[in-house]
Amino acid sequence: MTKTAPTKNRRPDAIVNFGKVEQWINPVYLPILANRARYEIYYGGAGSGKSHFVAQKIIYRTLKERGHRYLVVRKVARTNRHSTYDLLRSVISGWKLNPLFKIDKTELDITLQVRGISENQILFTGLDDVEKLKSITGITDIWIEEASEITPEDFMQLDLRLRTRSNYPNQIILSFNPVSEYSWLKKRFFDQHVENASILKTTYKDNRFLGDDYKQVIEGLKDQDPTYYQIY
């Protein structure tokens with residue numbers, strides 16, 4: 001009888017059925033799964049599933065490709081725990097991948113531990129923790145959640161730090177809700193053509209996993225507060 005190798009010693013490709021990925025991801029995001037642009041921008045209203053997709057994409061690449069060291073950033077470090085960190089953990093759990101990952105709840109890092117993979121890692125920090133940010137090296141990709149909270153100077157520093165040679169192009173993912181016309185994000189990415197940038201706008205209508213009750217709440221804003229509805 002042929003013995004099956006223990007899960008921790010098998011490559012993710014042999015464990016995860018990536019052919020079913022379209023069942024897990026909203027159709028609007030599927031074409032972006034393989035995107036390699038330096039700057040990848042997701043913006044839109046609440047309930048569009050943009051942050052959840054970014055978490056899915058990070059886990060997908062962490063499983064499929066070697067040499068990734070993601071840095072997940074928010075303006076304030078402590079806000080990661082109940083947002084980006086929980087999102088990534090929920091994707092790992094939802095895809096039944098817990099045996100493949102070491103999740104450190106104290107240090108807030110997630111490490112893939114599979115033979116044949118160079119221990120891809122996901123780290124979390126905030127821009128208010130400058131000393132920790134300075135000590136993190138070897139970053140290949142960055143996710144800035146709620147990018148409208150950071151300053152253009154913050155972004156410049158992150159952009160300049162992302163220079164680690166990798167098997168794949170370095171990438172910065174920015175996710176945020178609609179911003180005002182005075183935001184630096186609008187001037188930086190929308191008022192001019194930016195080389196090597198990909199931009200996708202989504203709304204709650206693009207999220208097929210969203211519950212009907214929440215859809216009704218948003219739809220109700222049309223009459224209650226049309227301006228708020230446009231934002232969401």
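Hydrogens, waters and symmetry mates play no part in the numbers below; they use all other heavy atoms, side chains included.
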Tell me whether the rings of Phe155 and Trp184 are parallel (<30°), tilted (30 to 60°) or perpendicular (>60°). tilted
Could you tell me whether a side-chain N or O of Gln56 sits under 3.5 Å from a main-chain N or O of Trp24, the two making a donor and an acceptor? yes
Could you check Ile218, Asp213, Asp212 and say which one makes a side-chain contact (heavy atoms from CB on, under 4.5 Å) with Lys215? Asp212
Salt-bridged, Arg36 to Glu65, with N to O below 4.0 Å? yes
Say you draw a straight line from CG of Leu100 to CG of Leu112; how long is it, rounded to the nearest 0.5 Å? 6.0 Å
Measuring from atom CG of Leu127 to atom CG of Leu158, what distance do you get when rounded to the nearest 0.5 angstrom? 5.5 Å
Counting N and O atoms only, with roles assigned by atom type, does the side chain of Ser166 sit under 3.5 Å from a partner on the main chain of Thr140, one being a donor and the other an acceptor? no
Consider only side-chain N and O atoms of Asn26 and Asn207, and report whether a donor and an acceptor are under 3.5 Å apart. yes
With the side chain counted from C-beta on, respond yes when Glu40 and Ile172 share a heavy-atom pair under 4.5 Å apart, and no when they do not. no
Assert yes or no for the condition that the ring centre distance of Tyr42 to Phe53 is strictly below 6.0 Å. yes
From Asp191 atom CG to Ser183 atom OG, the distance as rounded to the nearest 0.5 Å: 10.0 Å
Look at the side chain of Lys50 and the backbone N and O of Tyr29, then say whether any donor-acceptor pair between them is shorter than 3.5 Å. no
Salt bridge present between Arg69 and Asp141 (N-O < 4.0 angstrom): no
Flag the pair Glu195 and Arg38 as a salt bridge only when some basic side-chain nitrogen lies within less than 4.0 angstrom of an acidic carboxylate oxygen. no
Under 3.5 Å, is there a donor-acceptor pair between the side chain of Asp86 and the main chain of Ser83? no
Counting neighbours of NZ on Lys132 that are heavy atoms of other residues, nucleotides or ligands and sit closer than 6.0 Å, is the number greater than 12? yes
Pair Thr84-Asn80, side-chain donor/acceptor within less than 3.5 Å: yes
Charged N to carboxylate O below 4.0 Å: is that the case for Arg78 and Asp128? no
Think Arg188 forms a cation-pi with Tyr39, using NZ or CZ under 6.0 Å from the six-ring centre and within 45 degrees of its axis? yes
Verify same cluster id: Leu88, Leu33 (apolar side-chain graph, 4.5 Å): yes
More than 12 heavy atoms of other residues, nucleotides or ligands under 6.0 Å from CZ of Arg165: is that the case? no
Rounded to the nearest 0.5 Å, the CD1 atom of Ile110 sits from the CG atom of Leu123 at a distance of 9.5 Å
Kindly say whether Thr151 contributes a backbone atom to a donor-acceptor pair with the side chain of Asp154 at under 3.5 angstrom? yes
Is any side-chain N of the basic residue among Arg74 and Glu149 closer than 4.0 Å to the acidic one's carboxylate O? yes
Would you please indicate if the ring centroids of His68 and Tyr168 are separated by under 6.0 Å? yes
Between Arg61 and Gln171, do the side chains contain a donor N or O and an acceptor N or O under 3.5 Å apart? yes
Do any N or O atoms from the side chain of Gln192 and from the backbone of Lys187 form a donor-acceptor pair under 3.5 angstrom? yes
Separation between CG (Asp104) and CD (Gln121), nearest 0.5 Å, reads 9.5 Å
Looking at Tyr182, I want to see if its OH is surrounded by more than 12 non-hydrogen atoms of other residues, nucleotides or ligands under 6.0 Å. no
Checking Ile122, Ile139, Ile142 against Tyr70 for side-chain contact (heavy atoms from CB on, under 4.5 Å), the one that qualifies is Ile122
Nearest 0.5 angstrom please: Ile92 CD1 to Leu63 CG, how far? 8.0 Å
We want to know whether Ser175 and Glu145 form a side-chain donor-acceptor pair, criterion being a heavy-atom distance below 3.5 angstrom. yes
Backbone of Asp109 reached by a side-chain donor or acceptor of Lys102 within 3.5 Å: no
Without swapping roles, check the side chain of Thr62 against the backbone of Ile58 for a donor-acceptor pair under 3.5 Å. yes
